[in-house]
Amino acid sequence: MAEDFSALLIRWHAQHGRHDLPWQNTRDPYRVWLSEIMLQQTQVVTVIPYYQRFLAHFPTLEELAAAPVEEVMPLWSGLGYYARARNLHAAARAVMTLHGGVFPEAPEVIAQLPGIGRSTANAIAVVCFGARVPILDGNVKRVLCRVFGIEGVPGTAALESRLWQHAEELLPPLESLLEPVAGNLSLGGSGPNMTTYIQAQMDLGATLCTRNRPQCTVCPLEEICVARATGRTAELPQKKPRRALPERHATLLVIVHEHRVLLETRPPTGIWGGLRSLPELPPGEDATAYVEKVFGVTLIAPAQGGLRRGGSPAQTFMHVFTHFRLHITPLLCHVSLRPSAMEAGLHWLDLTALDTAALPAPVRRILAELSLYEAARRPVSAPRSTR
DNA sequence: AATGCGGGGTA
DNA sequence: TACCCAGCATT
């Protein structure tokens, strides 16, 4: 059975797999690693432009390690799970200091780097160094649960353990593998190897064995699939029991002086860690008094609730996280003076520099609307024509 | 062993 | 709207 599984997948991949993703024509550990980190919990189509931009900015591990983390975060703005960016940067420095700038080859050593777990470490070791180790991402888990009729609650140790055990046992037999040859990149025509095997698993999960309405009739594994044989493709894998999302509310202060807005750097851990965000107005506080007391600036007009393209008052909007729903109310505060001495972590952002700022998605949305609003409000200050 | 951590796509 | 996605770190 194990031989069938890998052999069927590898044969299928030659004809129907993906071969044109930007990170597929390299075995440079830095590029493979970067793509793997960006792809954690993030879909391929979302990652591609971020990957290209990141590499253009930091072409090598050495350059990434040498840069301050503040230059890294803007390149992750909008991608989510910002701890990934901080870990990536920390790991680059660890490779320089702990490994003399040479990316480690052993999966167990790779997995010691921050932000790299077992699956990601194994994927890097397979692609870059020809290791014979399994991966276990969302695609592989779904395929395994269906093909072998595995039940269990997602996220539990019991299920994870069983899946890893299956993945180990299903590896292509050693004698069936062509050893990767230095300089002979795995571009689909070089014969079966571990890279094509793990790529085949992910491609099958991404294109045929999808969460909804899998295309079983053209699946290479149809003959050996337990879920297909028992009509349970819709029940496997089991769904994760989900609680109702808690509701939270936040009033974000949009403190504007001329064409700049006041931002604060968020703590490295927690929501939007390390990013720059709008200051929050604590519940029950009066906006005018709070702004003067904390930031030392004076309002020149009453605080306005909301922002909308064109400047009309807008309602609260909602931003959904995995674990709660946040109702956000932007509060526009035009202020008369900019204090000379700024508290640590505070920062005036020029509205013309939004593109390069490390902002979470909803804050970027607010400031994009503010930028248009300000342009319409002050036609004198050279409005930039966006969209 | 369970929970925290974003944002976008899809049905 | 609800669910899911090339997971990992922390508690």
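The sequence lines fix the lettering, A, B, ..., with proteins before strands; numbering per chain opens at 1. Since we're looking at a predicted model, the values are computed, not measured.
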Visitor: Go nucleotide by nucleotide along DNA chain B from the 5' end; which of A:Val320 and A:Ala157 gets its closest nucleotide reached first?
Guide: A:Ala157
Visitor: Please report the distance separating the C1' of C:dC3 from the corresponding atom of B:dG6, rounded so that it comes out in whole Å.
Guide: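 15 Å, rounded to whole Å.
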Visitor: Pick the C1' atom in C:dC8 and in B:dG9, then give their distance to the nearest Å.
Guide: 23 Å
Visitor: Under 4.0 angstrom, heavy atoms only, what part of the nucleic acid is A:Ile135 near: base, sugar-phosphate, or nothing?
Guide: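 Nothing: the residue A:Ile135, judged by heavy atoms under 4.0 Å, touches no strand.
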Visitor: Are A:Asp203 and A:Gln199 close enough that a side-chain donor and a side-chain acceptor fall under 3.5 Å?
Guide: yes
Visitor: Please list, chain by chain and in numerical order, all residues satisfying ring-ring contact (aromatic ring centres under 6.0 Å, His included) with A:His99, sequence neighbours excluded.
Guide: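 Here no residue qualifies.
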Visitor: Does A:Gly78 reach a base, just sugar-phosphate, or nothing at all? Heavy atoms under 4.0 Å.
Guide: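 Sugar-phosphate: the residue A:Gly78, judged by heavy atoms under 4.0 Å, touches backbone atoms but no base.
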Visitor: Answer yes if the side chains of A:Arg213 and A:Thr233 hold a donor-acceptor pair under 3.5 Å, and no otherwise.
Guide: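 Short answer, no.
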Visitor: Does a salt bridge link A:Arg146 with A:Glu235, judged by any charged N lying under 4.0 Å from a carboxylate O?
Guide: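 A:Glu235 and A:Arg146: not salt-bridged.
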Visitor: Evaluate whether atom CZ of A:Arg248 has more than 12 neighbouring non-hydrogen atoms of other residues, nucleotides or ligands under 6.0 angstrom away.
Guide: no
Visitor: Show your reasoning for whether salt bridge (Lys or Arg N to Asp or Glu O under 4.0 Å) applies to A:Glu62 and A:Arg93.
Guide: CA-CA 8 Å; A:Glu62 289 79 5; A:Arg93 293 192 163 176; over 6 Å; no
Visitor: So, A:Arg228 and A:Glu223, do they make that salt bridge, N to O below 4.0 Å?
Guide: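 Result for this pair is no, no salt bridge flagged.
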Visitor: In whole Å, measure the gap between the C1' atoms of C:dC4 and B:dC5 for me.
Guide: 15 Å
Visitor: Regarding A:Ala361, tell me which of base, sugar-phosphate or nothing describes its non-hydrogen contacts under 4.0 Å with the strands shown.
Guide: sugar-phosphate
Visitor: Salt bridge or not for A:Glu168 and A:Arg118, using N-O below 4.0 Å?
Guide: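 A:Arg118 and A:Glu168: salt-bridged.
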Visitor: For A:Gly270, answer base if it contacts any base atom (sugar-phosphate contacts may also be present), sugar-phosphate if it contacts only those atoms, and nothing otherwise; contact means non-hydrogen atoms under 4.0 Å.
Guide: sugar-phosphate
Visitor: If the P atom of C:dA6 is compared with that of B:dA11, how far apart are they to the nearest Å?
Guide: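 One P to the other, the span is 14 Å.
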Visitor: How does each nucleotide of nucleotides 2-11 of chain C score, in 5' to 3' order, for protein heavy atoms under 4.0 Å: base (B), sugar-phosphate only (S), or none (-)?
Guide: -SSBBBSS--
Visitor: Would A:Arg132 count as a cation-pi partner of A:Tyr197, with NZ or CZ less than 6.0 Å from the six-membered ring centre and within 45° of the ring normal?
Guide: no
Visitor: What are the 5'-most and 3'-most nucleotides of DNA chain B lying under 4.0 Å from any heavy atom of chain A?
Guide: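 The footprint of chain A covers B:dA1 to B:dG9.
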Visitor: If you assign each of A:Thr156 and A:Leu275 to its closest nucleotide in DNA chain B, which residue comes earlier from the 5' end?
Guide: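 It is A:Thr156, whose closest nucleotide lies nearer the 5' terminus.
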